[in-house]
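In what follows, a single structure is set out as structure tokens and then discussed.
We use all heavy atoms of the structure for the numbers below, so side chains are in, but hydrogens, waters and symmetry mates are not. A note on names: the letters A, B, ... follow the listed sequences, proteins ahead of strands, and every chain is numbered from 1.
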Amino acid sequence: MSRHLRFIARTVMVQDGNVDAAYKILNRVLTQDGIIDTVKRRRYFEKPCRERQRKNFENCKRIYHMEMARKIAFVSKTNREDPWLGC
Amino acid sequence: MFNLRCAVLNSVSALRRQLVTPLNASVTLTALFQVIMLRSFQFQSCSYFPPLPGQESTLRWAGKKFEELPIVHIKATYNNTHIQLSDSAGQSLVRTSCGTEGFKNIKKSTPIAAQTAGISAAAKATAKGVTFVRVVVKGLGPGRLSAIKGLTMGGLQVVSITDNTPVPHNGCRPRKARRM
């Protein structure tokens, strides 16, 4: 019935009995893979209109944050080649 | 998944190989080599991945391979936490939950109740002779971490943590959104 092998995916070994660190690593991996917020979102049904609005909003947010990060990285660069060299 | 210690270990072993081949043994080279040997003893088994059933690994816990260790299933719902210990074949050994510990209604959905359930499950398990255990967690509830903590406080050694939260690929429709 279960199509996947068990204890391969979403598994973290505990090093030196440090269960807290292993749990933290597992949590980080799950959030980065998007599983935690998928599970939270699926607790209640999300209507298709609300889903489209949310996806749109997340796209805009992602574009804004990437552009802002680019701008900040550019403005905070101190050593760069002289843009007016030669004139 | 990136493992910093394994990467450092690989770089350390590469550096060690580069140092051993030149035949001129200057004082600084041997001193550096001894420092690296000292450091390399600290990195023993630094893999966060579980030993796969196809590969032969030398890791044993109480003489058992990873596939033969008993499994603790922790079902952490929003209202309660169930803990069931079963052997590798699936035969159930110990079953506890926040309700069996005497908590009622809203007190069951607390991390403290999950911790007490974990402690009692670990006590019953050690009475049956279980030491090393793999943990499988299902659900995102309040008792998710504290149940594992309770198991370690009760005396069981956790070897690995697996997350088996069910994620449907658009299966059953969940209940309607709450309007508060």
If I take atom CG from residue D82(A) and atom CZ from residue R80(A), how far apart are they, to the nearest 0.5 angstrom?
8.5 Å
Top contributor to chain B interface from L30(A), I36(A), T38(A) [non-hydrogen pairs under 4.5 Å]:
L30(A)
Non-hydrogen side-chain atoms of N79(B) and K108(B) separated by less than 4.5 Å
no
Can you tell whether the side chains of R144(B) and D163(B) come within less than 4.0 Å, N to carboxylate O?
yes
Which bit of V159(B) is near chain A, if near means a heavy-atom gap under 4.5 Å: side chain, backbone, both or neither?
both
Proximity breakdown for V137(B) and chain A, heavy-atom pairs closer than 4.5 Å
neither
Are there over 12 heavy-atom neighbours, none belonging to E56(B), within less than 6.0 Å of that residue's CD?
no
hydrophobic_cluster_shared for I8(A) and M13(A), side chain cutoff 4.5 Å:
no
If you measure from CD1 on I74(B) to CG on N164(B), what distance do you get to the nearest 0.5 Å?
12.0 Å
Bottom line for I148(B): the part with an atom under 4.5 Å from chain A's heavy atoms is side chain
Contacting region of R6(A) [heavy-atom separation from chain B under 4.5 Å]
side chain
Between E51(A) and K55(A), does at least one N-O distance fall below 4.0 Å, as a salt bridge requires?
yes
Side chain, backbone, both or neither of L151(B) within contact of chain A (heavy atoms, under 4.5 Å):
neither
So which part of T152(B) gets closer than 4.5 Å to some heavy atom of chain A, the side chain, the backbone, both or neither?
side chain
Select, from T165(B), V167(B), L52(B), L145(B), the one with the greatest count of heavy-atom pairs under 4.5 Å involving chain A.
L145(B)
Most heavy-atom pairs under 4.5 Å with chain B, out of I35(A), D20(A), L5(A), belong to D20(A)
